[in-house]
A.B. asks: 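Mind having a look at this structure? Questions to follow.
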There are 2 protein chains.
Amino acid sequence: MTTPKRVTIRDVARRAGVSVATVSRVLGGDYPVLAATRNKVTRAVRELDYVPNAHARALSADRPGAIAIVVNSVAVPYYALIAQGVEEQAAQEGRLSLICTTGGDTARELSIVQLLREQRAEAVILVGSVIVDEEYRTRMTEYAHALAAAGSRLVLCGRPPLGEGAPALVVGFDNTGGAHAVTAHLLSAGHRRILYLGLRPGHSTSDSRVAGYRSALAEYGVPGDPSLEVEAEFDRDAGYAAMNRRLAAGPPDFTAVFAGNDLLAAGAVQSLREHGLRVPAEVSIVGYDDVPPAQDLGLTTVHLPHDELGRAAVRLALGRLTSSPMTLGTHIVVRDSVRSLGPRRSGS
Amino acid sequence: MTTPKRVTIRDVARRAGVSVATVSRVLGGDYPVLAATRNKVTRAVRELDYVPNAHARALSADRPGAIAIVVNSVAVPYYALIAQGVEEQAAQEGRLSLICTTGGDTARELSIVQLLREQRAEAVILVGSVIVDEEYRTRMTEYAHALAAAGSRLVLCGRPPLGEGAPALVVGFDNTGGAHAVTAHLLSAGHRRILYLGLRPGHSTSDSRVAGYRSALAEYGVPGDPSLEVEAEFDRDAGYAAMNRRLAAGPPDFTAVFAGNDLLAAGAVQSLREHGLRVPAEVSIVGYDDVPPAQDLGLTTVHLPHDELGRAAVRLALGRLTSSPMTLGTHIVVRDSVRSLGPRRSGS
DNA sequence: ACGTCTGAAGTAACCGGTTACCTGACATCG
DNA sequence: CGATGTCAGGTAACCGGTTACTTCAGACGT
């Protein structure tokens, strides 16, 4: 038999022999209350095991709401690491943070945003790249206005900024720079035929990485070759499948692979191995993100300060940071998935 | 300049020329309302972009609260996968779910549980193993009663059940069975000197895996050897460090390793490689959990139905399932990290 | 035509806190 | 000694919904 009636602030007041206002003040903080009164109240609270109702509080006082982060899936390390940064910073700021997942489903994203509006979340952080088209832009702009109307801030993480009018803050990684750097790394090791794995036209993250790839090639005077740009989603299975297809067509016509992210790289490595191609002896490969599989694979990749992104998003949302859009730097992590071809190239 | 005042149900009522009760009924659902009236209301809602306040709703009506899952870190795949299962099932049950992280900090766990009491969460799912001592038991029992008093259900995932009286539901994996199976796998491949990596006395998960390991050894008539049971936390770094220490002391006095989880295994593999020991040619290794690094390492391991655990936890919390404690089965996944020693053993 | 029943819509109390404003006791001051 | 200031603490309105109870109009029966 559980407690039939929840214990409320009036129960506490009655028990302590004071008014509800006094109880509220003792609990609330700074209002002056006599030590004796304070003691009576705290004792009553303890004796009754009183827990204030967060909903009632939120309703009357305009207290800070929760900070929500919305991601595709928490099982994808990229998102998990950013979410972790958000959680840490939010905790540090004394906020409750919650992670919501959409599974990449637009309809579910919409209902989550709606839910967060109803919850009067203090901030909503939308993470992860998407296909940026007109439909997307209008949807985001709607979110931005709707959330602003509900008093929530919107932060876009790793997504391109919206139009001028939309009240959305933006923070992301320097994908083009990182991609440039890691491609240059391959080029300076003597590679000239570099496969880009993970083409996704319209997909913001992929697009900016491709841009870095192309600009590095151009810088080294290597002509671009569309047949070296292979489409693939950004997950392990896609990398595996794409590389399988490529290798089924014949022996590799490339000496190195730049995978759009580490998951793709992991899949590609598996495929290469199954085709009897050694990494890096026969094929070099680099990834992007520096998430868990990278270390185990000894993968040279681009390190992203995921938790800094999460932290920055929170601080931006809370008005602690002013510069938006802001871009976080990246740096290359050299492991041993790249073979130097030396000063001269060996023939195919 | 944002909207100075939030739009409330009274604004909608005024605009639609009806009473607040009518608006509430149109939004609420089943109460009979004339089609014409309903239309007026829905139009007003749309025109004003009205969003009901979830706090006010929660306060007046006793509607279902959110389902919260509390984990150490969302960046650990084991937790991420379980959390994913929870999210999916919760979404399916029409509940909002939130993930909270403690970073393994007891104080933070406490404040999160407190927060969830205040939020009147419908269910709180505590995941992850812990050192089970008297202090832990009393703490959990307190949580259980406190949450029950606030009307929330408590589900313990992968933690040992509490005493009879405590109102907590329990669901977990069959760790002993899985550990037995995977150890037997090594034994039947001819291994006799099997290192157990990840001893953590008092730690529930580790303890049950050790128990399975020992019982398999006993079954095969192999005497236990305490020097083959090595202490280590359940993460990659610990596995790496522990194996480094072991190998620094001299060449391996074991032919196989059973790592308490895949992360430990990943660390151990790195250490073995750096010491010039090939896996599985010179040292065989198996892990536990079947989380992402396992596939990339080609690790033979025990597969855990993580998302089923998450789903079961939610269904248990919602009273859809009655049997608690319940245990989920596991199965072994053979990759190629184990070498068969054949019918005879080669001498050391 | 009148009483009764039915169902749509309105009125206002209530959920559990917070806080503006008020009260009353005591200290201070001209 | 009365006017005034200070400060702990009480009273009650309010936050934004839901819903029990009430009202009222029209349909129906006789």
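Here is the naming used below: chain letters follow the sequence lines, and residue numbers restart at 1 for every chain. Bear in mind the structure is a predicted one, so any value in this text is a computation, not a measurement.
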A.B. asks: It should be established whether A:Ser19 places a side-chain nitrogen or oxygen under 4.0 Å from OP1 or OP2 of nucleotide D:dG10.
C.D. replies: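 Yes, A:Ser19 has a side-chain N/O under 4.0 Å of OP1/OP2 on D:dG10.
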
A.B. asks: Expressed in angstrom and rounded to an integer, what is the separation of A:His55 atom NE2 from C:dG16 atom P?
C.D. replies: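 So the NE2-P distance, A:His55 to C:dG16, works out to 12 Å.
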
A.B. asks: When you measure from the side chain of A:Arg10, which nucleotide among D:dG16, D:dT19, C:dG16 comes out closest?
C.D. replies: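 Comparing D:dG16, D:dT19, C:dG16 against the side chain of A:Arg10, the answer is C:dG16.
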
A.B. asks: Could you state the CG-C1' distance from B:Leu34 to D:dA25, rounded to the nearest angstrom?
C.D. replies: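 Taking atom C1' of D:dA25 as the reference, CG of B:Leu34 is at 12 Å.
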
A.B. asks: Separation of A:Lys40 atom NZ from D:dG10 atom C1', in whole Å?
C.D. replies: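 Whole-Å distance recorded here is 13 Å.
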
A.B. asks: Go nucleotide by nucleotide along DNA chain C from the 5' end; which of B:Thr37 and A:Ala21 gets its closest nucleotide reached first?
C.D. replies: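 Upstream on the strand: B:Thr37.
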
A.B. asks: OP1 or OP2 of C:dG17 sitting under 4.0 Å from any side-chain N/O of A:Ser24?
C.D. replies: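 Indeed not, no polar side-chain atom of A:Ser24 lies that close.
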
A.B. asks: Atom CG of B:Asp11 to atom P of D:dC15: distance rounded to whole Å?
C.D. replies: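 Going from CG in B:Asp11 over to P in D:dC15 covers 11 Å.
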
A.B. asks: Give me the atom names and distance for the closest heavy-atom approach of A:Ala144 to A:Leu162.
C.D. replies: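 Here A:Ala144 and A:Leu162 meet closest at CB-CD2, 4.5 Å.
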
A.B. asks: On DNA chain D, compare the nucleotides closest to A:Ala56 and B:Ser60; which residue's is nearer the 5' end?
C.D. replies: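 It is A:Ala56 whose nearest nucleotide is closer to the 5' end.
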
A.B. asks: What is the separation between atom CG on B:Leu59 and atom P on C:dG16, rounded to the nearest whole Å?
C.D. replies: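 It works out to 7 Å between those atoms.
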
A.B. asks: Do A:Tyr31 and D:dG9 have a side chain to base donor-acceptor pair shorter than 3.5 Å?
C.D. replies: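 Such a pair exists between side chain and base.
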
A.B. asks: By the 4.0 Å heavy-atom rule, please label A:Val20 as base, sugar-phosphate, or nothing.
C.D. replies: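 If one applies the 4.0 Å heavy-atom cut-off, A:Val20 turns out to touch a base.
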
A.B. asks: Indicate yes or no for a side-chain donor-acceptor contact from A:Gln89 to the backbone of A:Val314 under 3.5 Å, with no hydrogens or angles considered.
C.D. replies: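 Side chain of A:Gln89 to backbone of A:Val314, a donor-acceptor pair under 3.5 Å: no, none is there.
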
A.B. asks: Without decimals, in angstroms, what is the distance between A:Glu118 CD and D:dT18 P?
C.D. replies: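 Atom-to-atom, A:Glu118 to D:dT18, this comes out as 10 Å.
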
A.B. asks: To the nearest angstrom, how far is B:Leu48 atom CG from D:dG17 atom P?
C.D. replies: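 Answer to the nearest Å: 12 Å.
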
A.B. asks: For B:His55 and A:Gln119, indicate whether the former's side chain and the latter's backbone hold a donor-acceptor pair under 3.5 Å.
C.D. replies: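 Indeed, once roles are kept as given, a pair shorter than 3.5 Å links the two residues.
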
A.B. asks: Rounded to whole angstrom units, what separation is found between the CZ atom of A:Arg120 and the P atom of D:dG16?
C.D. replies: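 Taking CZ of A:Arg120 and P of D:dG16, I get 8 Å after rounding.
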
A.B. asks: Using only heavy-atom distances, decide whether a donor-acceptor pair under 3.5 angstrom links the side-chain of B:Arg25 to the base of C:dG10.
C.D. replies: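 Yes, the side chain and the base share a sub-3.5 Å donor-acceptor pair.
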
A.B. asks: Within the modelled atom types, does a donor on one side and an acceptor on the other bring the side chain of B:Arg57 and the base of D:dG16 under 3.5 Å apart?
C.D. replies: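 No.
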
A.B. asks: Does B:Arg10 use its side chain to pair, donor to acceptor, with the backbone of B:Thr8 at less than 3.5 Å?
C.D. replies: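 Flag not set: sc B:Arg10 to bb B:Thr8 has no pair under 3.5 Å.
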
A.B. asks: Donor-acceptor check, side chain of B:Ser152 to backbone of B:Ala121, threshold 3.5 angstrom: yes or no?
C.D. replies: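 A pair under 3.5 Å: yes.
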
